[in-house]
Protein chains: 2
Amino acid sequence: MEPINLKKLASLLHLSISTVSKALRDSHEISADTKRRVMELARELNYEPNPYAGSLRKYKSKTIAVVLPDIINNFFIFAIKGIQEAAYSSGYHVLIYITNENPDYEKEVVRQLTNGRVDGLVISLTSPIDDTEHIKALREKGLPIVFFDRITKDFDNTIITTNNYESAYKGTTYLIRQGCKRIAHCQVSDRISIGIDRLNGYKKALEDAGIVPDHDWILTSRKDPAYDAQLIEKALTRKDAPDGLFTSVETHALITYDICRKHGIDIPGKLKLLSFSNLPTAHLMKPSLSTITQPAYEMGRAAVSQLITALEKPARFQPETIQMDSVLMERESTAR
Amino acid sequence: MEPINLKKLASLLHLSISTVSKALRDSHEISADTKRRVMELARELNYEPNPYAGSLRKYKSKTIAVVLPDIINNFFIFAIKGIQEAAYSSGYHVLIYITNENPDYEKEVVRQLTNGRVDGLVISLTSPIDDTEHIKALREKGLPIVFFDRITKDFDNTIITTNNYESAYKGTTYLIRQGCKRIAHCQVSDRISIGIDRLNGYKKALEDAGIVPDHDWILTSRKDPAYDAQLIEKALTRKDAPDGLFTSVETHALITYDICRKHGIDIPGKLKLLSFSNLPTAHLMKPSLSTITQPAYEMGRAAVSQLITALEKPARFQPETIQMDSVLMERESTAR
DNA sequence: GTGAAAGCGCTAACAG
DNA sequence: CTGTTAGCGCTTTCAC
């Protein structure tokens, strides 16, 4: 019940607090015998240093924050797994914050991190790329930040991302090759990095194929499931409905399955469907879902690895942009 | 770059540190005018108190830990969502630890929480129910703990769980009603709470139906995907293979889909499959998966809500066992 | 209504 | 090799 601290250990051993402190950290100033006595008692009493006392002195908390827009999304889940594993194996603790796609919430969270709670931050932005004042404030405090997937280039920071433009180009081209003439694209947002890059890849692919995109083909999510469902439903049920749909997050693909069932739209007969997704069940669905899959786990690990280098070897550290490749998995939902 | 702290604010305002501190916390000792001046400057400079300094004084970190066995499991994902939301809305921060089903890792994590890092803990046990010394050590420090899903009754603590015994009984009975004669059960472990409860429900249902279970019907996971896959594959491909399989975690159901495809075993024709699962794609699979679904999100919220009551109103708090109900969703994988 | 001072547990500079 | 001391940022008596 009563806390075990250095004072307690010191008094039990008839030593001073600082001697005990040094002994525990295996200082060369301390005799082997004293070290042994101290270590033994510490183990016996299950001494664990109070992390906050150390933080206060050293301005290091051995804690990092992860701020993500969403968690019901396998991309972020695998990322969390990678982040957590990499952090813990380097002795870091992970504070997790989910913004639920709400920029105000993100701002509040980020503001709270300004005073020593964490040593660094891995963030996948919820806020639009032109609304990053809150990040700037953190940056100015000198806090290392790694941007992850939904990024901004406003700061000289490490960025972990995938080849969104190329993947979207490749995906769209693939849909064209599979015979689609009217390909719609459902984007996460027109104001976040991945939304913009993917849209551009999509547009370029159409252009290169000599297809002039209809305005109605571009569906912009409001990150509100009900609204998004309606948006997609309208698009798929109007005259001149698209014969191909390329969605940017897996939720939208799932919504599309439901809509197609409701309206008897055959996939891939009437509509070919391709989605960015890390769904472990993609190959088990009816029809199986063709995906562009990002290396989420590896990205998570890389993000933390970069962050920890920035924290522990600041001299040797250079911010860089790491771009990994997604893979296109062709399955039934896009079959000819 | 330079940190904003009370000292800084005090010197800028020509006030003492303690006055500033009190003003910020709206103490009645301070004049309205002073409060206003202090608040204004604090806001302007984006002052955020150093959380660790406060922790050190008050023995409160406004942080809780969540320790879970796995994250690639929709049950835990929805739980995290509930936990995170409930915690944050009460001003708590959430440290997340994933043990990857490794008891040693759990022990290490739990030991690290012994000295003030967190105010309380929500844990879904990885360790067997008869191996909880590490939890006991925490408990003895007076740290409030909420057990979640994979529980132990060794301590007088709050428990959030579902009606595992009844659900397994109901699920098994349902499979019998659907015509299964030889129902296998794949359990997570024979030494954790949900494994035991679910197995007992399964056994009782067989017994009540006058079915004598074959020893080979009970498959015990080792939490090693390769081993588990082999275990299930062997069971499903031997002579006298079961005609019904009831799995305790969604991963095993997914493995079963793969195995059945590989061996041309028709679901539900040759094998009816039912699983505990929170898969959002259960209804979209081929065949759609019949599930027993736990209220994961609500359980997460409830866990945190109980924990925070224990932390903030210890006098009024009584540990209790909250048992929620799972629902059986009948889909194609168990059709007659 | 405001300020001085002690102290939370720890580290680190400095004595001895 | 061991101990004394100051101080990280904050809260909390206790003086004034």
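Residue numbers begin at 1 in each chain, while the letters A, B, ... track the order of the sequences.
In this model, the phosphate group of dC10(C) is not approached by any side-chain N or O of Arg25(A) to a distance below 4.0 Å at OP1 or OP2. The shortest distance between the side-chain N/O atoms of Arg57(A) and the OP1/OP2 oxygens of dA12(C) is not below 4.0 Å. Contact annotation: Ser16(B) side-chain N/O to dG3(C) OP1/OP2 distance is under 4.0 Å. Considering only side-chain N and O atoms, Tyr47(B) lies under 4.0 angstrom from the phosphate OP1 or OP2 of dC10(D).
Distance CG (Asp26(B)) to P (dT2(C)): 13 Å, rounded to an integer number of Å. In this structure, the NZ atom of Lys58(A) is 7 Å from the P atom of dA12(C), given to the nearest Å. In this structure, CG of Asn50(A) is placed 18 Å from P of dG7(C), rounded to the nearest angstrom. Taking atom CG on Asn5(A) and atom P on dC10(C), their separation rounds to 5 Å, with Å as the unit. When rounded to the nearest whole Å, the span between CG of Leu6(A) and P of dT4(D) equals 15 Å. For the pair Leu24(A) CG and dA12(C) C1', the interatomic distance rounds to 15 Å; values are reported in whole Å. Rounded to an integer number of Å, the gap from CD1 of Ile4(A) to C1' of dC10(C) is 16 Å. Distance, Ile17(A) CD1 to dC10(C) P: 8 Å, rounded to whole Å.
With DNA chain C read from its 5' end, the first of the two nearest nucleotides for Ala53(B) and Val20(B) is the one closest to Val20(B).
Residues satisfying the ring pair (Phe, Tyr, Trp, His ring centres under 6.0 Å) test with Phe147(B), not counting sequence neighbours, are none. For Pro128(B), the side chain to side chain contact (heavy atoms under 4.5 Å, CB included) partners at least two apart in sequence or on another chain are Asp130(B), Asp131(B), Arg191(B).
Aromatic ring pairs are classed by plane angle as parallel below 30°, tilted from 30° to 60° and perpendicular above 60°; the pair Tyr88(B) and Tyr105(A) is tilted.
Of the candidate nucleotides dT2(D), dG7(C), dT2(C), dT2(C) has the atom lying nearest to any side-chain atom of Leu15(B). The side chain of Ile30(A) approaches dT2(D) more closely than any other nucleotide in the set dC10(D), dT2(D), dC8(D). Comparing atom distances between the Lys7(A) side chain and each of dT11(D), dC10(C), dC8(C) picks out dC8(C) as nearest.
Across all strands, Thr19(A) comes closer than 4.0 Å to base atoms (heavy-atom distances). Counting non-hydrogen atoms under 4.0 angstrom, Ser21(B) reaches a base of the nucleic acid. No contact: Ser55(A) has no heavy atom under 4.0 Å from any strand.
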Scan nucleotides 13-16 of chain C against the protein and return all N/O pairs shorter than 3.5 Å with their distances rounded to 0.1 Å.
none

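For the pair Arg150(B) and Glu101(B), the salt-bridge criterion is met [side-chain N within less than 4.0 Å of a carboxylate O]. In summary, Lys62(B) and Glu312(B) engage in a salt bridge, as defined by a charged side-chain N under 4.0 Å from a carboxylate O.
In this structure, the side chains of Ser11(B) and Lys7(B) stay at 4.5 Å or more apart for every pair of heavy atoms. Residues Ile192(A) and Leu125(A) fail the side-chain proximity criterion, which asks for heavy atoms closer than 4.5 Å.
No close placement of the Phe78(B) and Tyr297(B) rings is indicated, their centers lying 6.0 Å or farther apart.
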